[in-house]
**Student:** 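I am attaching a structure below and will ask some questions about it afterwards.
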Amino acid sequence: MSDQIIPAFIAFILVSVLSPLFISILRKLKLLQPIRKELPSNHQLKKGTPLMFGMILFVGIIVANLFSPTPLMYFLSITYILFSFIGFLDDFWKASRQDPLGVSGKTKLVLQFLFTGALLFYVINGLGVDTVIRIHKNFSFDLPMVVYIIIITLFVVGSANAINFTDGLDGLLGVVAIPTYFFFFMISDKSEVQLFCLIMIGCLLGFLIYNLYPAKAFMGDTGSLAIGGSLSFLAIIEKVEILIPILFFIYLAEKLSVILQVTSYKLTRRRIFKMTPIHFHYGIKYGWSENTIVTVFGFISWFCAFICLAYWKYILHP
């Protein structure tokens with residue numbers, strides 16, 4: 001255990017110490033957050049906050065590979081880097097042009113599908129992950145390869161974007177993602193997965209020192225898409241696809257709220273929520289502070305992680 005805790009602690013210290021310098025560099029480069037006009041007035045005050053702070057999490061990727069230079073760790077790192085690259089393109093466009101819309105959605109989706117397809121090919125052929133969906137220790141079904149790839153590709157892209165939507169309030173994604181990484185740390189028998197998850201938790205704890213309300217810098221898509229991609233592929237590697245609706249409950253709720261809002265408005269010209277993703281709804285309708293929303297969503301994420309841990313222990317692997 002100490003050989004995993006020490007690298008995680010090193011990652012935490014490095015992120016904590018290097019963050020002020022990195023934030024200063026982002027300011028000097030004028031890589032600052034533009035704010036959408038439709039967001040509430042308290043969010044308009046955040047205009048000019050350094051963006052792309054999620055790049056600091058690459059410290060964890062470096063530490064992970066120094067302590068565990070193995071094919072599986074390389075794969076986890078490449079997955080993180082590829083999805084982060086997509087987010088970087090979007091963030092750089094937003095910051096350099098002060099355009100809150102960023103790169104077109106089609107461009108991001110094309111890149112996500114391409115990267116996901118390539119990564120899935122390696123997962124199946126290089127890591128030997130099967131196409132079986134396990135429901136119970138004694139009950140599972142094996143999907144045809146093509147069907148599995150289609151379903152999982154849609155799952156990865158959808159989940160990565162859902163997790164990206166969650167990064168909308170100061171500290172929200174960091175607080176919600178830590179329990180998800182903790183779940184994978186607890187269930188995995190692969191030392192690389194355990195180390196990667198602990199290091200990510202350490203990085204996020206260091207990151208939150210500067211990202212909790214009022215945030216000194218924003219993660220941006222550079223970090224949120226990377227977290228989304230890595231968590232999605234961890235679910236595939238650990239064969240817990242059946243648990244995704246619960247484990248990713250917060251992320252999926254954020255995404256679903258957007259889908260419902262858009263669909264309702266197009267069909268009836270009425271909005272279901274005050275604003276989406278749904279974290280904005282609680283602030284506008286009920287007057288919840290950002291800290292309250294982050295705390296509640298974080299609690300729900302921990303609750304879901306422990307439910308999934310119980311299911312995994314007593315049903316999938318009794």
Side-chain angles (χ1 to χ4, degrees), residues 33-44 46 83 86-87 89-91 93-94 99-117 133 143 146-169 172-173 176-177 180 220-221 224-225 227-229 231-232 235 241-290 292-294 296-297 300-301 303-304:
Q33 174 74 60
I35 302 294
R36 298 186 346 242
K37 294 180 180 179
E38 64 270 22
L39 290 180
S41 57
N42 60 319
H43 285 270
Q44 298 300 326
K46 299 180 181 183
F83 278 87
I86 301 172
L89 293 179
D90 194 42
D91 285 340
W93 181 288
K94 291 176 183 175
D99 175 11
L101 296 178
V103 175
S104 72
K106 289 183 180 180
T107 300
K108 289 187 288 186
L109 282 176
V110 167
L111 289 174
Q112 287 176 55
F113 276 110
L114 286 175
F115 291 164
T116 299
I133 302 294
L143 294 175
V146 174
V147 175
Y148 181 83
I149 290 175
I150 292 173
I151 292 175
I152 295 302
T153 299
L154 292 173
F155 151 69
V156 171
V157 174
S159 296
N161 281 285
I163 292 172
N164 184 39
F165 274 122
T166 308
D167 183 36
L169 297 179
L172 180 57
L173 180 54
V176 172
T180 317
D221 292 3
S224 59
L225 274 177
I227 290 173
L231 288 175
S232 299
E241 299 96 333
I242 191 63
L243 296 178
I244 291 306
I246 299 175
L247 185 63
F248 285 17
F249 178 78
I250 291 292
Y251 316 125
L252 298 179
E254 296 272 26
K255 178 71 172 180
L256 184 59
S257 70
V258 175
I259 295 173
L260 292 175
Q261 185 87 322
V262 172
T263 303
S264 175
Y265 188 76
K266 285 185 176 180
L267 294 177
T268 67
R269 292 295 168 181
R270 294 182 179 179
R271 292 180 172 86
I272 300 173
F273 307 102
K274 290 292 185 180
M275 183 174 286
T276 56
I278 199 169
H279 54 254
F280 290 124
H281 174 77
Y282 289 99
I284 297 173
K285 184 170 183 178
Y286 301 108
W288 289 13
S289 67
E290 289 197 39
T292 299
I293 297 170
V294 169
V296 171
F297 279 37
I300 294 172
S301 185
F303 182 70
C304 291

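Numbers here simply count residues along the sequence, with the first being 1. Atoms considered below: every heavy atom in the structure, side chains included; atoms not considered: hydrogens, waters and symmetry mates.
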**Student:** Of all heavy-atom pairs between Gly220 and Asp167, which one has the smallest distance, and what is that distance?
**Tutor:** N-OD2, 3.5 Å
**Student:** Can any side-chain N or O of Thr166 pair as donor or acceptor with the backbone N or O of Leu173 at less than 3.5 Å?
**Tutor:** no
**Student:** Rounded to the nearest 0.5 Å, how far apart are CZ of Phe155 and OG1 of Thr116?
**Tutor:**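 Result: 10.0 Å between the selected atoms.
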**Student:** Just wondering, do Tyr282 and Val296 contact through their side chains at under 4.5 Å, heavy atoms?
**Tutor:** no
**Student:** Any heavy-atom pair between the side chains of Phe248 and Leu231 that's under 4.5 Å?
**Tutor:**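 When only atoms from C-beta onward are counted, Phe248 and Leu231 do touch, with a gap below 4.5 Å.
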**Student:** I'd like to check Leu247 versus Cys304 (side-chain heavy atoms, cut-off strictly below 4.5 Å). Are they in contact?
**Tutor:** no
**Student:** Answer yes or no: are there more than 12 heavy-atom neighbours, outside Tyr148 itself, under 6.0 Å from its atom OH?
**Tutor:** yes
**Student:** What's the separation between atom CD1 in Ile293 and atom OH in Tyr286, rounded to the nearest 0.5 Å?
**Tutor:** 11.5 Å
**Student:** Run through Lys255, Glu254, Gln112 and flag the one making a side chain to side chain donor-acceptor pair (under 3.5 Å) with Asn161.
**Tutor:**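 The single option meeting the side chain to side chain donor-acceptor pair (under 3.5 Å) with Asn161 is Gln112.
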**Student:** Looking only at heavy atoms, which two atoms of Pro277 and Ser257 are closest? And how far apart?
**Tutor:** CA-OG, 3.6 Å
**Student:** Give the minimum heavy-atom separation between Lys274 and Lys285, together with the two atoms involved.
**Tutor:**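 Residues Lys274 and Lys285, closest heavy atoms: CG-CB, 3.8 Å.
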**Student:** Show your reasoning for whether side-chain contact (heavy atoms from CB on, under 4.5 Å) applies to Val156 and Phe83.
**Tutor:** CA-CA 11 Å; Val156 171; Phe83 278 87; 3.9 Å; yes
**Student:** Between Ile151 and Glu241, is any pair of side-chain heavy atoms under 4.5 Å apart?
**Tutor:**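 SC-SC contact between Ile151 and Glu241 ruled out.
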**Student:** Has the side chain of Thr153 got a donor or acceptor atom that lies under 3.5 Å from a matching backbone atom of Ile149?
**Tutor:**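 Indeed, once roles are kept as given, a pair shorter than 3.5 Å links the two residues.
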**Student:** Check Ser232 against Ser159 and note the closest heavy-atom contact, atom names and distance.
**Tutor:**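 Minimum heavy-atom contact is OG-CB, 3.3 Å.
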**Student:** To check you understand the geometry: which heavy-atom pair defines the closest contact between Asn164 and Ser224, and what is its length?
**Tutor:** OD1-OG, 2.5 Å
**Student:** Determine whether Phe297 and Ile278 make a side-chain contact, defined as any pair of heavy atoms from C-beta on separated by less than 4.5 Å.
**Tutor:** yes
**Student:** Under the criterion side-chain contact (heavy atoms from CB on, under 4.5 Å), I'd like the reasoning laid out for Val176 against Tyr251: C-alpha separation, chi angles, the key distance, then a yes or no.
**Tutor:** CA-CA 9 Å; Val176 172; Tyr251 316 125; 3.5 Å; yes
**Student:** Roughly how far, to the nearest 0.5 Å, is CD1 of Ile250 from OG1 of Thr180?
**Tutor:** 9.5 Å
**Student:** How long is the gap from OG1 on Thr276 to CD on Gln261, to the nearest 0.5 Å?
**Tutor:** 4.5 Å
**Student:** Is the closest side-chain heavy-atom distance between Asp90 and Leu225 below 4.5 Å?
**Tutor:** no
**Student:** Is there a donor-acceptor contact under 3.5 Å from the side chain of Asp91 to the main chain of Asp221?
**Tutor:** yes
**Student:** Do any N or O atoms from the side chain of Ser264 and from the backbone of Leu260 form a donor-acceptor pair under 3.5 angstrom?
**Tutor:**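 No; zero donor-acceptor contacts below 3.5 Å.
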**Student:** Do Phe280 and Leu169 come within less than 4.5 Å of each other through their side chains, counting heavy atoms only?
**Tutor:**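 Of all side-chain heavy-atom pairs linking Leu169 with Phe280, at least one is under 4.5 Å.
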**Student:** Nearest 0.5 Å, please: how far is OG1 in Thr107 from CG in Leu89?
**Tutor:** 9.0 Å
